[in-house]
Amino acid sequence: MSLDTATPAPGGAGETVRQPSPSAVTKADIARAGATRRRNAAKWKLIVGTICTLLVIIPIILAQVLPLPDANFQDLGARRLPPLTDGHLFGTDQLGRDLLSRVLHGGQVSLTIGLLAVLVSGAIGIILGAAAGYYGGWVDTIVSRVLEAQMSLPLLMMLLLVVALFGPSIPVITFVIAIAQWPEVARLTRSMVLVEREKPYVSAARILGLHKIQILIQHIIPNVIKQATLVVLLLLAQAVLLESALSFLGAGPQRPFATWGRIISDGQDYITTSWWMVTLPGLVIVLMVVGVNLLGDGLRDRPRRKKKGA
Amino acid sequence: MTNYILKRLGQGLLTVFLTVSTVFILIRMAPGDPAVSYAGPLASNEQLAAVREQFGLDKPVLEQYWIFLQQLFTGNLGQSYSFQAPAMQVVAERMPYTLTLATAAILLTAVVAIPLGVWMSRRPDTGKELGVNVLTIAGQSMPDFWTGIMLLTGFAVLIPIFPASGFATWGGLVLPTITIAILQIALISRMVRREMTTNLAAPFLTVARSRGVRSSALTWRYAMGNSAIPVFTALGTRFAAMLNGVVVVEVVFAWPGVGSLIVRALETRDYPLIQATVLLTALLAVGVQLLIDLAYPLLDPRVRLGKAATA
């Protein structure tokens, strides 16, 4: 039916006016096509991911401004109140502290650690990975061996070991998480740089007499940084989970910092009588991590926009 | 082949050696005194000195390392401070529990994740696939200790179907296994989907289809056959990682495995016990890695081990 529209008939008097269309593919076909559905799914993931992430992050940032009781204010007369009573949206814990306030303030610590750790691991991973990929030779050998060795080490056990031995301060924990995460960034950056360095623009730059380091920093890294940061975003989700696991095992930042893992481990003893003390902080973690993961997925699946003029 | 195995064994043992040496150095570098945690905070200086002498902690670090190396080669890492028994024996007694849990978890993961990943790869970008996809994202976003506590409350306390902790009956295995498997299923099924999507779009598959190969054979024999190695490697690596103790889950369910043991050993600064745990788990993990590599030719006849290693 749509095939005969290829030749528009000017002045076809008796015929009903048929919209000329250059192809047999209808709009319905396009809407049903895999590429469209993929784009829509990516868009959907981006939107939902952003909403979930912001839903957690904005209150955390505003924790000091929001009209909440102090996170460490104990009211022994209001112990273990269920959610939505007396203005306690998330209820209170075994010492009568407002759970929402604790979750938000704890989130500030957890998120700070996560962000710092990801920044450090991203920087180490990109620098070492790019160096290994670009220089090759002994630089590559050393970096690759260290990567392999670390991959075969018992990760959580080593983290626990370091934290147990050097004390659970925020810098130690941040550093430990960063060390745990840099291999992933480094491997990806290395493989991308391996591809980039064979491209003509690199030879051109070299012939123009640019220094190796200049080529690497000015020309190669900008071409791989986008994808590398995408992985770093996904690592943020992992960093938050890792920090909460360490806190849960008692290897997190010590009091007065109530991080997410600590709040859950504190609430564990009261799970049968006060379900909210474990359930709600956990849901907050899940919401946030799902959000970040969806965001990362959506960004990855999004069809790449062509550069103008390319 | 023999050369390859010997080479890999050598590399593996070197990794294990470096690991235990790193741990040895870390332990000595760190602040804190095991004598204090052994004798208690109220012990007098004489008592502390006696404890240090008893455990050989008064000797220079290099001499301690030399003794440690000798112990390493005789397989006797000394007495655990807190268990008053040979450290290796304490760890060895707990190893079967971790092995059981890890095996159960990896089997459940394989049985669920592979079909799930294949199912997703066969209907890409549909509403159903998106739904399952989001579920797997949720699965990898839940902290395992939280999932564990939730399952524990749900199915051991509120509806008491399974025992809450320990490993007295086989029922005790169910909840920890599920807790571990949720995360693993999410990760592995996404990986299977990725591998299968690539293979299902490959030219050899189009050729096979044009020759009239049935759809199920296309999926399982042609596409899955080519995804077998990466999927198997991923499963094996996850399994090896679990042998290092599924620390968090073991703590939540009071599982008597090495994961909960290491937490205790670290708290009490039980040097021999820490060393023994690290040594045994690292050995096992390296062994499993080697077995995975040796299984490659079975999965893919094109693989020749000696040559693959250099590629």
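Because only heavy atoms are used, hydrogens play no part in the values below, and waters and symmetry mates are left out as well, while side chains stay in. Naming convention: chains lettered A, B, ... in sequence-line order (proteins, then strands); numbering from 1 in each chain. In this text the structure is predicted, and so the values were computed from the model without any measurement.
- More than 12 heavy-atom neighbours from other residues, nucleotides or ligands sit within 6.0 angstrom of OH on B/Y65.
- Of the atoms belonging to A/W44, it is side-chain heavy atoms, and not backbone ones, that fall under 4.5 Å from chain B.
- Using a 4.5 Å cut-off between heavy atoms, B/P124 touches chain A through its backbone atoms (N, CA, C, O) alone.
- Only the side chain of B/R190 comes within contact range of chain A, with at least one heavy atom under 4.5 Å from a heavy atom of that chain.
- Per-residue heavy-atom pair counts under 4.5 Å with chain B were compared for A/N40, A/I264, A/T279, A/V163, and the maximum is reached by A/T279.
- The contact between B/Q140 and chain A is made by backbone and side chain atoms together, counting heavy-atom distances below 4.5 Å.
- Interface check for chain B: of the options A/A41, A/A237, A/S244, the most heavy-atom pairs under 4.5 Å are formed by A/S244.
- For B/L14, no part lies under 4.5 angstrom from a heavy atom of chain A.
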Inset, instruction - Verify side chain to side chain contact (heavy atoms under 4.5 Å, CB included) between A/W275 and B/L158, making sure each step is shown before the conclusion. - result: CA-CA 11 Å; A/W275 57 270; B/L158 296 180; over 6 Å; no

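- The greatest number of non-hydrogen atom pairs below 4.5 Å with chain B, out of A/I285, A/L161, A/L249, is found for A/L161.
- In this structure, B/W146 contributes its side chain and A/V278 its backbone to a donor-acceptor pair below 3.5 Å.
- Between the CG atom of A/L294 and the OG atom of B/S141 there is a distance of 7.5 Å, given to the nearest 0.5 Å.
- Rounding to the nearest 0.5 angstrom, the gap separating the CD1 atom in B/I149 from the CZ atom in A/F248 is 4.5 Å.
- One distance of note links CG of B/L130 with NZ of A/K45; it measures 6.0 Å at 0.5 Å rounding.
- Enclosure of atom CZ in B/F68 by more than 12 non-hydrogen atoms of other residues, nucleotides or ligands within 6.0 angstrom is indicated.
- Heavy atoms of A/V240 lying under 4.5 Å from chain B are absent altogether.
- Of the atoms belonging to B/T126, heavy atoms from both backbone and side chain fall under 4.5 Å from chain A.
- Within the 4.5 Å cutoff, the side chain of A/S265 has no heavy atoms near those of the B/F145 side chain.
- Neither the backbone nor the side chain of B/V16 comes within less than 4.5 Å of any heavy atom of chain A.
- Within 6.0 Å of the OH atom in B/Y97, the count of heavy atoms belonging to other residues, nucleotides or ligands does not exceed 12.
- Atom CE of B/M142 sits about 10.5 Å away from atom CG of A/L241, to the nearest 0.5 Å.
- In this structure, the portions of A/L283 lying under 4.5 Å from any heavy atom of chain B include both its backbone and its side chain.
- Residue B/L26 touches chain A through both its backbone and its side chain, counting heavy-atom pairs closer than 4.5 Å.
- Atoms CD1 and CG, on B/I137 and A/D297 in that order, are 4.0 Å from each other to the nearest 0.5 Å.
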